[in-house]
Amino acid sequence: MKTFKFNRKKYAQELLIDAAYLDDLSSFVRTDTPYIIDFYEIIIVLEGYADVWIDQYKFNATEGTVLFTSPHSVRRTVLKNNFKAIVVLFEPSFFLHLFQDSEFLHRFRFFHSTSGEMALTLRTEQFKKVSSLLDDILHEFTDLKMDSEHCLRAMTYQLLVILNRWFIEEKGQKQEESSTSHVTKFRALLERHFASDSNVSFYASALSISNNYLNVICKRHFGKSVKSLLEERRLREACKLLMYTSKSVKAIAFSLGYNDYSYFCRRFKQAFLVTAIEYRKQMLK
């Protein structure tokens, strides 16, 4: 599967961010061919309609829809009905160089979602506010200056914070207690190690807290235990691999840390009500 990488050399000066109307992005794939992206991307739909898959999740994108894609996600897009959108894309290092915080982008709930929630529907007043901010971002690209990177970073940060507030509100989630919360760090650890370590004590130890306290935190913020979140993330990755690779079910199970193939098959069927083989057949129809 092809991987699309961020183009740092598009402008006269090297930039780790870009923003443009979809029609002006020649690199945006407009066919049903799945591909991987290695950067963060936000798509704000202005009008029209499209079917968009991010990993194994399908979204019906219409006016006011915002879609969020994280690095290493698989996406395919079928554009319909005069589809128009603005796309904001950036490399992780665009923010990490400044904040020196490897978990920074994990604070935004729509990136690296643990539950497949990667879309937001804007209300009319929200759409107007976002549109105004996007106009300022796009305008900055028309007349780049030596300090434009700082200006773009500030405006994009504002965009992320505003969208995150609305996302949390729409999904009925809770704001995290602080910017350096254990929740943020756990989400980042989970994304990095879900396939290699399913032991609760590994994550608790990395956070310097007890297993019990980590479970308390997860149940408070996610409504699920650590074990449930780990299982959910591994099974979500299994679905992605079943859809987009030709690996056998057994190979997928072992690659995700399931040493007992029968146990994986049972857990998969319990979660999705079909076997892994049946799931692959259904999704490839």
Side-chain angles (χ1 to χ4, degrees), residues 1-12 15-55 57-92 94-95 105 108 110-111 113 117-124 126-144 148-149 151-153 155-160 162-164 166-167 244:
M1 192 183 308
K2 187 172 182 179
T3 297
F4 281 86
K5 297 185 178 296
F6 187 87
N7 181 10
R8 297 184 174 194
K9 305 294 186 180
K10 178 177 177 180
Y11 300 97
L15 284 175
L16 303 182
I17 183 171
D18 195 10
Y21 286 98
L22 181 64
D23 289 343
D24 297 328
L25 282 176
S26 58
S27 61
F28 194 94
V29 179
R30 292 164 170 78
T31 68
D32 195 22
T33 304
Y35 57 95
I36 300 169
I37 65 172
D38 76 341
F39 44 84
Y40 288 94
E41 185 177 67
I42 305 170
I43 302 174
I44 303 94
V45 182
L46 304 178
E47 61 180 84
Y49 172 81
D51 288 329
V52 181
W53 286 260
I54 302 175
D55 293 338
Y57 301 100
K58 181 181 179 182
F59 300 95
N60 299 317
T62 59
E63 180 181 340
T65 300
V66 185
L67 297 170
F68 306 93
T69 311
S70 304
H72 313 302
S73 297
V74 177
R75 194 182 64 213
R76 55 191 177 114
T77 309
V78 180
L79 307 183
K80 304 177 181 179
N81 298 338
N82 195 33
F83 185 77
K84 295 186 183 301
I86 293 175
V87 183
V88 179
L89 50 153
F90 55 90
E91 287 197 356
F94 177 64
F95 283 108
L105 290 164
F108 301 103
F110 37 70
F111 291 140
S113 170
E117 294 180 322
M118 308 166 193
L120 169 67
T121 302
L122 299 177
R123 299 190 295 270
T124 301
Q126 294 172 338
F127 186 79
K128 289 179 180 177
K129 186 170 185 176
V130 166
S131 296
S132 177
L133 185 53
L134 289 170
D135 285 344
D136 291 340
I137 292 173
L138 292 173
H139 179 72
E140 189 67 25
F141 281 98
T142 65
D143 185 22
L144 289 170
S148 284
E149 181 179 8
C151 188
L152 288 166
R153 186 180 290 111
M155 290 189 290
T156 306
Y157 187 15
Q158 182 183 0
L159 177 67
L160 291 174
I162 290 171
L163 291 174
N164 194 54
W166 296 337
F167 185 86
Y244 298 114

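All values derive from a computational prediction rather than experimental measurement.
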Step-by-step side-chain contact (heavy atoms from CB on, under 4.5 Å) determination, Y11 to L144: CA-CA 9 Å; Y11 300 97; L144 289 170; 3.8 Å; yes
Stepwise side-chain contact (heavy atoms from CB on, under 4.5 Å) test for Y21 and L138: CA-CA 9 Å; Y21 286 98; L138 292 173; 3.8 Å; yes
Residue pair L159, L134: steps toward the side-chain contact (heavy atoms from CB on, under 4.5 Å) verdict: CA-CA 8 Å; L159 177 67; L134 289 170; 4.1 Å; yes
Residues F39, F94; criterion ring pair (Phe, Tyr, Trp, His ring centres under 6.0 Å); working and verdict: CA-CA 10 Å; F39 44 84; F94 177 64; over 10 Å; no
Evaluation steps, side-chain contact (heavy atoms from CB on, under 4.5 Å), between L22 and I43: CA-CA 9 Å; L22 181 64; I43 302 174; over 6 Å; no
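Contact check for M118 versus T69: no side-chain heavy atoms found under the 4.5 Å cut-off. Counting heavy atoms from C-beta on, the side chains of V74 and W53 never come closer than 4.5 Å. Contact annotation: the side chain of M155 approaches that of L152 to within less than 4.5 Å [non-hydrogen atoms, C-beta and beyond]. Between L160 and F90, some side-chain heavy-atom pair lies under the 4.5 Å cut-off. F59 is not listed as a side-chain neighbour of T77, based on a closest heavy-atom distance of 4.5 Å or more. For the pair F141/I17, a side-chain contact is recorded, criterion being any heavy-atom separation below 4.5 Å from C-beta on. In this structure, L122 and L163 have side chains that are in contact, with non-hydrogen atoms separated by less than 4.5 Å. Side chains of N82 and E47 form a contact here, defined as non-hydrogen atoms less than 4.5 Å apart.
Between the CD atom in E149 and the CD atom in E140 there is a gap of 11.5 Å [rounded to 0.5 Å]. Remark: F127 CZ to T121 OG1 distance equals 12.0 Å, nearest 0.5 Å. Distance check: R8 CZ to L15 CG gives 10.5 Å after rounding to the nearest 0.5 Å. Of the inter-residue distances, the one linking I37 atom CD1 with H72 atom NE2 reads 10.0 Å to the nearest 0.5 angstrom. Rounding to the nearest 0.5 angstrom, the gap separating the CD atom in E117 from the CZ atom in F167 is 5.0 Å. Within the model, atoms CG of L89 and OH of Y40 stand 13.5 Å from one another, a figure rounded to the nearest 0.5 Å.
Panel note: side chain N7, backbone K9; a donor-acceptor pair is recorded below 3.5 Å. Of the possible donor and acceptor atoms, none in the side chain of D23 sits under 3.5 Å from a partner among the backbone N and O of K84.
A pairwise comparison of heavy atoms in M1 and P34 identifies CG-O, 3.5 Å as the closest pair. The shortest heavy-atom contact between D51 and N60 is OD1-OD1, 3.2 Å. Pairing each heavy atom of A85 with each of F83, the nearest pair is CB-CE2, 3.8 Å. Across every non-hydrogen atom of Y35 and T33, the tightest pair is CD2-O, 3.3 Å. Contact record, F6 with D18: CZ-N, 3.8 Å, taken as the closest heavy-atom pair. Residue D24 comes nearest to A20 through the heavy atom pair CB-CB, 4.5 Å, listed as atom of the first residue, atom of the second, then distance.
Taking the six-membered ring where the residue is Trp, F68 and F110 present parallel rings, their angle staying beneath 30° rather than reaching 60°.
Counting heavy-atom neighbours within 6.0 Å of K5 NZ, excluding the residue itself, gives a total of 12 or less. Remark: K129 NZ is loosely packed, at most 12 non-hydrogen atoms of other residues, nucleotides or ligands lying under 6.0 Å away.
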